[in-house]
Amino acid sequence: MNRVELIRKNSEFTECMDQINKFEKQRIYCGHDLPHFLDVARIAYIFNLEEDGQIPKELIYAAALLHDVGRAEQYKSDIAHDKAGVEIAQRILHNCEFTNDEIFIIVKAVRGHRGCAGGDKKIGRPEENDILHSKALLLAKYIRKADKLSRPCYTCDAANSCNWQDDKKNLEIIV
Ligand SMILES: [Fe+2]
Ligand SMILES: [Fe+2]
């Protein structure tokens, strides 16, 4: 079984997904579910191909599956989900056969998918490892851009009351 499938079937991951699903039952805005994660994975992978980013596909998919894993904590305790997701993602990745270097890169992308990747020095290893660090920032950038681009605002009934500013919304198909 590939390691992305290990994440999908991981008990902590499925528990988080069940909780997010319950919290979002009545939500009229974009949800945080497996179809969203796969949209993000595929778009991020396209960026990786277009820019020759050379991030392994499995790492991109792992980061995409885990980038919103802290959402339930946000609903419960009002902790920002990019922050809440860090420890959860670390535990899941350790249990899904990822190496420490891979976990560093993926977790940094989870933490950075809303724009905090550069500033957080507390995650994982010291930053003297420039290659690892720049890969982590690149993956965070791909996930962040893919996350935004994945949302079909042009067809969303709730777009008028969504708190995204109009200039951030996807109001037309971008080619
Ligand atoms: Fe998010
Ligand atoms: Fe997301």
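Counting convention: from 1, in listed order, for ligands and their atoms alike. What you see is a predicted model, and the numbers here were worked out from it, not measured in a lab.
In summary, no N, O or S atom of His32 is located under 2.8 Å from the Fe ion (ligand 2). Residue contact annotation: His67 places no N/O/S atom under 2.8 Å from the Fe ion (ligand 1). At least one N, O or S atom of Asp68, from either the backbone or the side chain, sits less than 2.8 Å from the Fe ion (ligand 1).
Salt bridge Glu102/Arg3: present, at least one basic N to carboxylate O contact under 4.0 Å. Of the charged side-chain nitrogens involved, none lies within less than 4.0 Å of a carboxylate oxygen, so that Asp147 and Arg144 do not count as a salt-bridged pair.
His36 places no side-chain N or O within 3.5 Å of a backbone atom of Asp33 that could act as its donor or acceptor partner. In terms of modelled atom types and a separation under 3.5 Å, the side chain of His94 and the main chain of Arg91 share no donor-acceptor contact. Ser134 contributes a side-chain N or O that, together with a main-chain N or O of Ile131, makes up a donor-acceptor pair within less than 3.5 Å.
Within Asp147, the N/O/S atom positioned nearest the Fe ion (ligand 2) carries the name OD1.
For His81 atom NE2 and His113 atom NE2, the angle they make at the Fe ion (ligand 1) is roughly 90°, to 10 degrees.
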